[in-house]
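For reference, the structure discussed in these notes is given below.
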Amino acid sequence: MQARTFTVTISGREREDGEAPYTYVVTAADYEEAIGKVKKIHQAEYEDELADLQLEEIFEGMPWEHCGYAWNDVRDSPIST
């Protein structure tokens, strides 16, 4: 199956303190794989428990040019490939 680009927004326990979620751009075969990769990348960076991570949004493609939020391009991450 050909890899596609997905934008995935997740939040960890910081959502309980009013902090904004994290948005990642990842390469994956499908939605399920994209979510799994983003959770692993986020957990490695922020040491959140996987059970504490909550999916906020996912869509195929890149964020639009003037989306109004910051995002992390992790398409070249060893976890993402």
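Quick note: numbers below take in every heavy atom, side chains included, and nothing from hydrogens, waters or symmetry partners.
- The shortest distance between side-chain heavy atoms of Arg75 and Val25 falls below 4.5 Å.
- Contact detail for Phe6 and Ala28: the closest heavy-atom pair is CE1-O, 3.5 Å.
- Nearest heavy-atom pair, Leu55 versus Ile10, reported as atom, atom and distance to 0.1 Å: CA-CG2, 4.2 Å.
- With a 4.5 Å cut-off on side-chain heavy atoms, Arg4 and Tyr31 count as touching.
- Under a 3.5 Å cut-off, the side chain of Glu33 and the backbone N or O of Ala29 do form a donor-acceptor pair.
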Please tabulate, for the side chains in residues 62-70, all donor-acceptor contacts under 3.5 angstrom to protein atoms that are two or more places apart in sequence or on a different chain.
residue, atom, partner, partner atom, Å
Trp64, NE1, His66, O, 3.4

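- Asn72 places no side-chain N or O within donor-acceptor distance of the main-chain N or O of Val74, the cut-off being under 3.5 Å.
- Lys37 contributes no side-chain N or O that, together with a main-chain N or O of Val26, makes up a donor-acceptor pair within less than 3.5 Å.
- For the pairing with Tyr24, the side chain to side chain donor-acceptor pair (under 3.5 Å) check across His42, Glu45, Lys39 returns one residue only, His42.
- Note: Lys40 NZ to Ile35 CD1 = 13.0 Å, rounded to the nearest 0.5 Å.
- Judged purely by atom type and a 3.5 angstrom limit, Thr7 uses its side chain to pair as donor or acceptor with the backbone of Gly61.
- Salt bridge absent: Arg15 and Glu19 never bring a charged side-chain N and a carboxylate O closer than 4.0 Å.
- The minimum heavy-atom distance linking Tyr22 with Glu14 is given by the pair CE1-OE2, 3.4 Å.
- With rounding to the nearest 0.5 angstrom, the OG1 atom of Thr9 is 9.0 Å from the CD1 atom of Ile58.
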Inset, instruction - Go through Glu56 and Ser11 one step at a time and tell me if the side-chain hydrogen bond (donor to acceptor under 3.5 Å, both in side chains) criterion holds. - result: CA-CA 7 Å; Glu56 301 292 336; Ser11 60; 2.6 Å; yes

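- Contact detail for Leu53 and Gly12: the closest heavy-atom pair is CD2-CA, 3.8 Å.
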